Amino acid sequence: MSHSNESLLLIDGHSLAYRAFHALPVENFSTSTGQSTNAIYGFISMLINVLRDEEPSHVAVAFDLGRQTFRLEEYPEYKAGRAKTPPEFHPQIDLIKDIVTAMGIRVVTKEGFEADDALATMARMGTEAGADVEVMSGDKDSFQLASETVTILYPKRGVSDLNRMTPNAVEEKYGVTPANYRGLAALVGEKADNLPGVPGVGDKTAAKWLAAHGDLPGVLDNAEKIGGKVGEKLRDHITEVERNYRLNRLLDDVDLDLKFDDLVWGEGDPAELSSLFDQLEFQALGKRLAAIFPEAAGAEAEAAPPRETTIAAVDVDALLSHLADHDVLALDSDASFELGHGQARVLAVSAEPGQAWVVDLAEAGERSLTKLGSALGKRSLILHSAKLQIKAWASMGLSVADVGGDTALAAYLLVPDARSYELGQIASERAGIDLSEPESDSGQLALDLDSDATATTHGQRAAALLEVHEVLAAALDEANMTQVYRDIELPLVPVLARMESTGIAVDEGGLSNLIDEFTKQAEASAQEAYDAIGHEVNLGSPKQLQTVLFDELDMPKTKRTKTGYTTDAEALAELFVKTEHPFLQHLLAYRDSTKLKQTVVGLLKTVADDGRIHTTYQQTVAATGRLSSLDPNLQNIPVRTESGRRIREIFVADPEVADGCLLTADYSQIEMRIMAHLSGDAALIQAFKDGEDLHSYVGSKVFNVGIDEVDSEMRSKVKAMSYGLVYGLSAYGLSRQLAIGVDEAKGLMEQYFERFGAVKDYLDEIVDQARANGFTETIMGRRRYLPALHSDRRQLRDMAERAALNAPIQGSAADIMKIAMLKVASRLEDLQSPMLLQVHDEIIVDVRPDEIDAVKAIVTEEMGSAFELDVPLDVNVGTGRSWHDAAH
DNA sequence: ACTTCAGCCA
DNA sequence: ACGTGGCTGAAGTA
């Protein structure tokens, strides 16, 4: 028993990480980007447990550094013959070191020595300082360190249980004192270190000899006296035993350049720790960590102590007088927008970091809102998720036309595939500002606002924005994305806000009729399906369908899904070819009708009071730079089937405008054109310049026939392949899609690449570049980071490669469309025809009858000239009463 | 509340 | 395992 209340915990990082690696299956532990985490998870889990149980005052984790050790110098075969560590292991060691450091724990390494030697040295230092010492190691050599003051924590099977090896425990298990453990190990040998001992001698014999002769030198001196076969063996292997004895001694006098008190368990860096846990997607572990490290609790970690912010509640007039001297303002509010109606009560305005004024918009009169609007209009405004807020304010009578900065957009450009862009997280990660929920009775506010918490929250957000935006803007600059940010994404915000607020008119009566019609069709198909099998079943349940198809009807099994066998349309069609069972046809018909019905029902629910549907465009969702649309999604309205197209008939021109029409304008084959441009393939570029039918032209090259001899079958094969290439299609995938052999598909692809060699070079190069740079780039410099290209998991790596192929193409198309929208919107400002929708390569404008020619000219010119490629950008335009009729 | 399956779009 | 990027709704599981 030590009288000290100090305790030192020493950990052999490498041996424990290695154990964890083998205890936890690597396939079950990896992040979405493909980083393997099993060793990290197991190690940190063990570490958290032991820290919680032992509560040491001092801690160190030792790692081996480099391969060259004094042991290896003396005995080149030391540790030879070990199975190669899998490639997934080593990258995890660096992350473990980072986490340990962030936990306030000293990482110790020393060139030329093993972790064990560092542990022995520190154990001696601890003992000399009067501390209790615990050494956690998966290496049995550490048993020689056990003493009155030093206990070895040795993991049993797995990673959760530890054996406490005191001197008594060592003696009980091996029959020798810790001091003699070295001798025992030297006699027995250590397979893992490639140190053979005396053949035929195990723990028992070695212990007996050591007991009889005191210690190993005693045993060796008396080797002649030991009889029997084993005695002979001992005498034959004295050199090896002596070598083992030299090598397995742990050095306790390594110069580590540190004192005992350097090992005090410090505060670490909770923000860094939290960010590492986020990055590694450790959620449950984060909570366990929080128990011993409250400061790093989960993702919402406090990055810094809450800063002093000054928030003052004022009225609009007071606010206006405060604003006089400031050109850049940060704004935040409790904005919401649903079904065409926006609302905001609290508006927070900050003119410098750490400071904000808060006004109650509900109390402001129309005149002061107008004045406020014009004051804000003269300044550069920084917001987070600006679009929602300016839409909401517009419905309150406060109009803001321009956005000077948007921290959500900036963060999106920097990491376009992040899960979310919440201000609290960005502020914490990028600027070290803590925006966790304020206490509701902070009392700073003087209170004509009925809820302090809301006002304080938005005040603090506004007060943080200027600083957060500055950090993000600098990062964008560093990544050469300032242009995409300032010239594309920011100006697009008010354009999209306007489109959303306007919405598109729908024919509600027509919608209801469609619902009736599709419902009747679905019911009829369902009845026929039931009749075909003699009973009812939930046709919407894949699980119940599987019972019917594979158990009752005994059909051949389809492709596996996670939970059974697929019943998707493709598989059902194949089953029908094989079985000709009428149930399948009726099921497919039922699926079609219910799908359409669902779509129409969904649309009807979203019609606002003004008889229009207001979708919301997400500007920070698609990792490639596209927009997405939700609530409802107007980018997936059916078009391929005749009955599907009928849904497009209910989207109509503004009924308030007599003889108005919808105009659609779309890019023709924009992705293939971008592919031609980026690859510089002369043949492909020429085809576009000549205005050939692309797929017939490519078909004539691939099949080596005249362009007029390309039949429809050839054309459709080539079409599938051309599009597939943009997505990283494999020969197997192509063969599946075209229902041809893999060999034929492979031959087609080879022919293609023979004729369009630059395309192949480009596709290869793009992946190589992404691998080297860590990201892909569009024509405007928009980036997408793909760390999974270096994943050790094949499937993730392949997915990342396909994403790398596609991102520059899909993303460049998105860039071009966004630029075109800005140009079109700017020219439409002088007219009365609003832009309503965007569907990736198509825009829809509501055109007044007297403006048809002007709008046609505008969209053709501006879309066609949005970006100069080596091939022309073709634009098709059509007009009609409905979206359906405007198709061309 | 969350996941899986299926199906719609470019 | 085998083509990118999205959103929605129903069923099934917790």
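Letters A, B, ... mirror the listed sequences (proteins, then strands); counts begin at 1. Quick caveat: nothing in here was measured; it's all calculated off a predicted structure.
- Using a 4.0 Å heavy-atom cutoff across all strands shown, A:Ala623 reaches sugar-phosphate atoms only and no base atom.
- Near DNA chain C, defined here as any heavy-atom distance below 4.0 Å, the residues from residues 758-785 of chain A are A:Arg784, listed numerically.
- Of the residues in residues 558-573 of chain A, those with a non-hydrogen atom less than 4.0 angstrom from any atom of DNA chain B are A:Thr561, A:Lys562, A:Thr563, A:Thr566, A:Thr567, A:Asp568, A:Ala569.
- Screening residues 745-761 of chain A for side-chain hydrogen bond (donor to acceptor under 3.5 Å, both in side chains) gives A:Asn704-A:Arg755 as the qualifying pairs, with residues at least two apart or on separate chains.
- Partners of A:Asp841 by side-chain hydrogen bond (donor to acceptor under 3.5 Å, both in side chains), not counting sequence neighbours: none found.
- A distance of about 16 Å separates the P atoms of B:dT4 and C:dA1, rounded to the whole Å.
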Would you tabulate the nitrogen or oxygen pairs shorter than 3.5 Å linking the protein to nucleotides 8-10 of chain B?
residue: B:dC8; atom: O2; partner: A:Asn636; partner atom: ND2; Å: 2.9
residue: B:dC9; atom: OP1; partner: A:Val639; partner atom: N; Å: 2.6
residue: B:dC9; atom: OP1; partner: A:Arg640; partner atom: N; Å: 2.8
residue: B:dC9; atom: OP2; partner: A:Arg640; partner atom: NE; Å: 3.3
residue: B:dA10; atom: O3'; partner: A:Asp841; partner atom: N; Å: 3.4
residue: B:dA10; atom: O3'; partner: A:Asp841; partner atom: OD1; Å: 2.7
residue: B:dA10; atom: O3'; partner: A:Asp841; partner atom: OD2; Å: 2.9
residue: B:dA10; atom: N3; partner: A:Arg626; partner atom: NH1; Å: 3.0
residue: B:dA10; atom: N3; partner: A:Arg626; partner atom: NH2; Å: 3.0

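- If you check every strand for non-hydrogen atoms under 4.0 Å, A:Asp666 touches nothing.
- Distance OG1/A:Thr664 to CD1/A:Ile844: 6.5 Å, rounded to 0.5 Å.
- For A:Thr566, the side-chain hydrogen bond (donor to acceptor under 3.5 Å, both in side chains) partners two or more places apart in sequence, or in a different chain, are A:Asp568.
- Relative to the six-membered ring of A:Tyr565, A:Arg560 meets both conditions, a distance below 6.0 Å and an angle of at most 45° to the axis.
- Every residue two or more places apart in sequence or in another chain that forms a side chain to side chain contact (heavy atoms under 4.5 Å, CB included) with A:Thr547 is listed here: A:Asp551.
- Listed by first and then second residue, the side-chain hydrogen bond (donor to acceptor under 3.5 Å, both in side chains) pairs involving residues 723-738 of chain A are A:Glu570-A:Arg736 (not counting sequence neighbours).
- For residues 797-809 of chain A, the side-chain hydrogen bond (donor to acceptor under 3.5 Å, both in side chains) pairs, not counting sequence neighbours, are A:Arg771-A:Glu801, A:Arg794-A:Asp798, A:Asn806-A:Gln810.
- Projected onto DNA chain C by closest heavy-atom contact, A:Asp798 and A:Pro632 fall at different nucleotides, the more 5' of which corresponds to A:Asp798.
- A:Gly733 comes within 4.0 angstrom of the backbone, heavy atoms only, and of no base.
- With respect to A:Lys717 and A:Glu744, a salt bridge is recorded, a charged nitrogen being found less than 4.0 Å from a carboxylate O.
- Here A:Val621 lies in heavy-atom contact (under 4.0 Å) with sugar-phosphate atoms only.
- Atom NZ in A:Lys597 sits roughly 16 Å away from atom C1' in B:dA6 (whole-Å rounding).
- Residues A:Ser36 and A:Asp792 bring a donor and an acceptor atom of their side chains to less than 3.5 Å of each other.
- Applying the 6.0 Å contact sphere to CD of A:Glu338 captures no more than 12 heavy atoms from other residues, nucleotides or ligands.
- Taking the 5' to 3' direction, DNA chain C first and last meets chain A under 4.0 angstrom from a heavy atom at C:dC2 to C:dT13.
- Pairs engaging residues 627-651 of chain A under the ring pair (Phe, Tyr, Trp, His ring centres under 6.0 Å) rule: A:Phe651-A:Trp883 [sequence neighbours left out].
- Residue pairs satisfying the side-chain hydrogen bond (donor to acceptor under 3.5 Å, both in side chains) criterion with at least one member in residues 585-595 of chain A, sequence neighbours excluded, are listed as follows: A:Thr567-A:Arg591.
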